[in-house]
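First the proteins, then the strands, lettered A, B, ... as listed; each starts at 1. Scope of the values below: all heavy atoms of this structure, side chains included, with no hydrogens, waters or symmetry mates.
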Amino acid sequence: MQEVENIVNGQKLFLREEYQEVLENKKQFEGGMGAINPEKVEEVAEWTKSWDYREKNLAREAITVNPAKACQPLGAVMVALGFENTMPYVHGSHGCVAYFRSYFTRHFKEPTPCVSDSMTEDAAVFGGLSNMKDGLKNCAALYKPEMIAVSTTCMAEVIGDDLFAFAEAAKEEDGGEFLPEGYPITYAHTPSFTGSHITGYDNMMHGIMSQLTEGKKGEKNGKINIIPGFETYIGSIRSVKAIVEAFGAEYTMLGDHADQWDMPAGDYKMFAGGTPIEAAKDCINAEATISLQKYSTVKTMKMVQKRWKHAGGFSNPIGLKGTDEFVMKLAELTGKEVPQKLKIERGRLVDAMQDSYPYMHGKKFAIWGDPDFLIGMVSFLLEMGAEPTHVLCNNPGRGWEEEMRALLDTSPAAADCHVWAGKDLWHMRSLLFTQPVDFMIGNSYGKELMRDTGTPLIYVGFPIFDRHHLHRYSISGYDGGLNLLTWITNKVLDQLDEETKDIASTDYFFDVVR
Amino acid sequence: MGPESLEERQKAAVEEVLKAYPEKAAKNRAKHLGVGGPEDESQKTCGNVRSNKKTVPGVMSQRGCAYAGSKGVVWGPVKDMVHISHGPIGCGQYSRAGRRNYYIGTTGVDTFVTMNFSSDFQEKDIVFGGDKKLTKCLEEIDALFPLNNGITVQSECPIGLIGDDINATSKQYAKQTGQTIVPVNCEGFRGVSQSLGHHIANDTVRDYVFDGAPKVLGESIEPTEYDVAIIGDYNIGGDAWSSRILLEEMGLRVVAQWSGDATLKEMAQTTKVKLNLLHCYRSMNYISRHMEKEYGIPWIEYNFFGPTQTIKSLRKIAAFFDEGVQAKCEEVIAKYQPMVDAVTNKYRPRLEGKQVMLFVGGLRPRHVIGAYEDLGMEVIGTGYEFAHDDDYKRTKDEIFRSTVIYDDVNEYELEAFVKKLQPDLVASGIKEKYVFQKMGLPYRQMHSWDYSGPYHGYDGFAIFAKDMDLAINSPVWGHSKAPWESEGEA
Ligand code: SF4
């Protein structure tokens with residue numbers, strides 16, 4: 001029973017004798033193997049750690065177990081929230097939207113506005129036109145966004161609704177009351193049965209950029225466009241801006257959701273920050289466009305490079321080399337020298353890397369996440385002399401596996417570094433048991449891997465639900481590199497303490513100075 | 001507070017909110033908003049609101065879908081079965097391990113609740129159909145997870161639209177292997193909310209667990225006179241455990257939990273119990289009624305939130321049994337009373353008169369009212385995501401004062417009601433949490449207990465009281481205003 005001076009929640013409550021008895025007693029009614037024959041559970045658990053299991057596991061063709069990817073409209077919602085006063089609108093089932101909102105909200109600890117037009121069974125039969133007519137109107141009336149960015153759930157895609165025609169019809173029926181002439185309703189088809197959340201990002205970004213710029217091609221505006229990609233680190237967006245600003249360059253960050261998911265306390269406003277719609281309309285007239293995530297912007301950048309003929313291209317500013325390349329690209333595009341500020345920042349990062357290198361050198365890492373994130377993170381690990389033993393990407397784009405292989409081949413430990421394209425986290429479990437590593441880098445789903453295999457987890461990635469505020473930091477630029485270095489090095493040191501803290505047995509290595 | 005009464009302010013708030021809508025939407029929403037009075041016999045449902053209707057498009061509803069009702073609520077917590085999210089990758093990923101359905105087991109070996117199994121549909125599966133892939137999925141699961149006691153197939157939106165026949169596929173595989181395979185046609189577009197998913201899932205329990213004669217491990221139980229089942233408790237934060245302990249203390253034998261920490265065997269054996277105890281009426285009344293009709297098992301609703309309702313419920317349950325149980329029930333009540341008094345004495349003065357607005361799903365919009373009132377707090381607004389008329393009828397008996405009632409409330413409305421009525425605490429879900437916290441309002445998540453709990457039973461009430469105090473009396477809410485801001489400005 002609780003004691004009023006020491007009320008405990010479930011964590012400690014259920015450890016008490018009376019509850020342990022309840023749990024023990026329950027077993028007589030249970031049909032799980034743990035209740036019937038615990039030895040059998042142990043035997044199978046052991047088997048799941050074996051090479052035999054690993055081979056069977058890697059041979060899986062149909063079932064995905066513990067994936068490391070999500071579906072298209074999630075990425076589309078992120079894009080929409082990166083534009084000023086823009087409401088993400090998802091045409092299809094509202095259940096999906098409830099999921100997108102809670103998923104982002106759990107990660108950012110911030111509200112995530114997004115509406116749906118709640119299609120149900122009758123819409124499956126007759127199409128979702130009337131939902132869209134009512135939905136756009138209600139959304140505009142209630143929330144007064146400056147733009148509505150429409151993406152789709154599986155349902156709307158399977159029945160084949162035509163977004164462009166529907167949006168036009170909605171405007172016509174409204175007669176300008178809530179959706180005036182020229183009101184921007186941008187759209188993208190985001191079928192979840194192809195690609196992943198980063199594909200949805202690409203589709204929506206392509207949709208917004210191509211549709212807003214229709215008929216706007218004119219004089220060059222002298223600016224550089226930056227597309228962050230599916231960026232879940234608010235601080236990274238700010239680091240990138242600081243680098244561009246250091247050059248004094250005029251730029252447009254296309255899809256800038258940093259302020260939306262980082263609102264100060266005080267008053268709640270539904271939208272904050274974001275690319276101004278006017279700036280977005282003019283992005284076609286920029287000198288150059290740089291995408292920071294190649295695999296999240298394939299279609300978008302094809303348009304920018306082939307049709308718009310912008311200079312720029314891809315640049316992934318994670319790690320030292322990645323940031324150097326980004327800085328040099330800006331130097332080239334602006335025709336300016338690298339600013340002193342950045343030179344100092346670089347020097348500080350290198351200094352810090354040289355201070356800490358003994359702790360990362362030779363350490364084996366397993367890492368998973370989105371394809372561009374992995375390219376950046378792996379190059380940083382290599383810069384520190386670490387060994388990325390298992391690099392796993394559940395949603396690689398075309399060419400990613402080769403690119404990652406080539407990157408790993410620059411390591412002296414190349415032969416022991418493995419690329420796992422299209423695999424999931426249940427595969428990772430087998431890999432960790434059969435070819436163990438010292439540390440894992442990944443999202444909250446790594447927690448079960450940590451429990452099962454005992455490998456310490458360093459939280460970098462998306463989603464992170466069970467650690468606070470990491471997303472506020474940067475992992476890009478020289479300052480972001482310093483954050484990564486700090487997190488990883490200190491986790492290595494924590495682990496060293498953990499392993500050496502046993503009194504009178506290992507604590508001779510329990511050093512106060514490291 | 002101004003000169004107007006609470007009721008007048010509530011009525012004005014409802015009127016005000018409706019003004020923002022276009023005509024058609026306003027007409028619709030007007031039927032879902034109302035003000036309920038505790039003694040108002042004229043009202044058919046609390047606040048006379050209409051419910052379980054299609055959501056108005058474009059308004060940022062908080063509702064989920066049928067898949068969420070089946071996979072997320074009813075089936076997902078059954079721990080010794082594997083639940084496939086059948087279709088594209090999203091649904092299963094977003095609903096993975098977010099609900100805190102606690103269980104004991106070796107995850108990945110004999111239990112699977114926090115994992116995500118997805119058939120990860122690709123374009124070719126949509127075009128050519130995914131039944132073959134499903135069979136392959138079932139085979140692979142049995143090969144790699146041999147201790148699973150069955151597999152459910154949770155349909156996502158596309159399944160019902162592309163003409164797949166998961167029922168035939170599952171049946172065939174079940175026949176070949178003797179395994180329990182449960183196809184669930186819970187596509188997200190069916191119905192208007194989670195609610196239909198509950199119903200569909202309940203029906204599949206009937207068809208595949210009761211009528212399907214699943215193989216169950218171990219010996220079957222010998223029935224006793226005191227066997228009961230807990231129905232509609234998902235063991236969020238351990239709620240079912242802190243309920244179970246009380247039932248056992250009063251001499252009952254809890255044979256099954258539905259479905260928090262449940263195994264298939266427990267569910268299959270429930271047909272032998274003497275009484276079904278129904279906590280979440282909305283999600284599991286269907287199967288309770290079925291057991292009543294087919295197996296003659298009576299069911300009663302109970303409420304283990306807050307001491308007043310807990311005591312009432314314990315007595316109501318005991319009344320079904322002999323004097324021995326009734327005597328023990330009184331002993332249980334007497335045993336916990338000093339602790340409850342101590343908790344109430346400690347926290348009530350800190351919470352007295354604080355006003356609360358709720359918006360949750362299932363049973364909580366009415367069930368938790370009593371727990372707040374036990375602490376001297378006043379619930380002045382409540383509503384359900386996916387309730388039906390019968391829920392709003394039941395709500396009439398649970399409110400203590402004039403209460404604004406909002407069915408399927410959306411972001412706009414909830415924000416407007418809170419701004420108008422200025423409660424001291426908002427208690428709802430994760431999606432709304434940070435909206436109100438940004439306004440400087442204390443907030444508790446009432447789906448997940450904000451990663452605390454359990455809240456059921458006596459021990460749970462102590463945690464509930466402590467958490468509400470923590471939220472309302474935390475110093476952090478006082479920091480919003482900077483010292484350089486002058487009075488009146490903010
Ligand atoms: S996979 Fe399809 S049905 Fe599932 S959440 Fe994504 S869009 Fe919705």
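- A donor-acceptor contact closer than 3.5 angstrom is absent between the side chains of Tyr451(B) and Asn9(A).
- Distance check, rounded to the nearest 0.5 Å: NZ of Lys40(A) to CG of Leu147(B) gives 6.5 Å.
- Here the closest non-hydrogen pair linking Asn138(A) and Pro57(B) is ND2-O, 3.0 Å.
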Practice item. Please assess Arg96(B) against Glu448(A) for the test salt bridge (charged side-chain N to carboxylate O under 4.0 Å, His left out), listing each intermediate value before the final yes or no. Key: CA-CA 12 Å; Arg96(B) 180 178 176 192; Glu448(A) 295 198 345; 3.4 Å; yes

Practice item. Check the pair Glu30(A) / Lys79(B) against salt bridge (charged side-chain N to carboxylate O under 4.0 Å, His left out), numbers first and verdict last. Key: CA-CA 10 Å; Glu30(A) 295 190 340; Lys79(B) 65 180 177 179; 3.0 Å; yes

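- Annotation for Gln11(A): atom CD does not count as buried by contact number, only 12 or fewer foreign heavy atoms lying within 6.0 Å.
- In this structure, the separation between NE2 on His94(A) and CE on Met60(B) is 14.0 Å, given to the nearest 0.5 Å.
- Heavy-atom distances place the side chain of Ser93(A), and not its backbone, under 4.5 Å from chain B.
- Aromatic rings from Phe145(B) and Trp426(A) are positioned such that their centres are separated by under 6.0 Å.
- Remark: Ile89(B) CD1 to Leu74(A) CG distance equals 12.5 Å, nearest 0.5 Å.
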Practice item. Given salt bridge (charged side-chain N to carboxylate O under 4.0 Å, His left out), test Glu140(B) with Arg60(A) step by step and report yes or no. Key: CA-CA 7 Å; Glu140(B) 289 179 353; Arg60(A) 258 191 285 137; 5.5 Å; no

Point to revise | Chi angles and distances behind the side-chain contact (heavy atoms from CB on, under 4.5 Å) call for Tyr268(A), Glu415(B) | key: CA-CA 10 Å; Tyr268(A) 172 66; Glu415(B) 199 188 319; 3.7 Å; yes

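- No other option in Thr106(B), Thr114(B), Thr135(B) has as many heavy-atom pairs under 4.5 Å with chain A as Thr114(B).
- To the nearest 0.5 Å, atoms NZ (Lys431(B)) and CZ (Phe100(A)) are separated by 12.5 Å.
- Taking the six-membered ring where the residue is Trp, the centroids of Trp241(B) and Tyr19(A) are separated by 6.0 Å or more.
- Asp452(A) CG to Thr107(B) OG1: the interatomic distance, rounded to the nearest 0.5 Å, is 7.5 Å.
- Among all heavy-atom pairs drawn from Leu13(A) and Pro454(B), the shortest one is CD2-CG, 4.0 Å.
- Ring centers of Tyr103(A) and Tyr94(B): under 6.0 Å apart, within the cut-off.
- Annotation: the span from Asn410(B) atom CG to Leu142(A) atom CG amounts to 6.5 Å, rounded to 0.5 Å.
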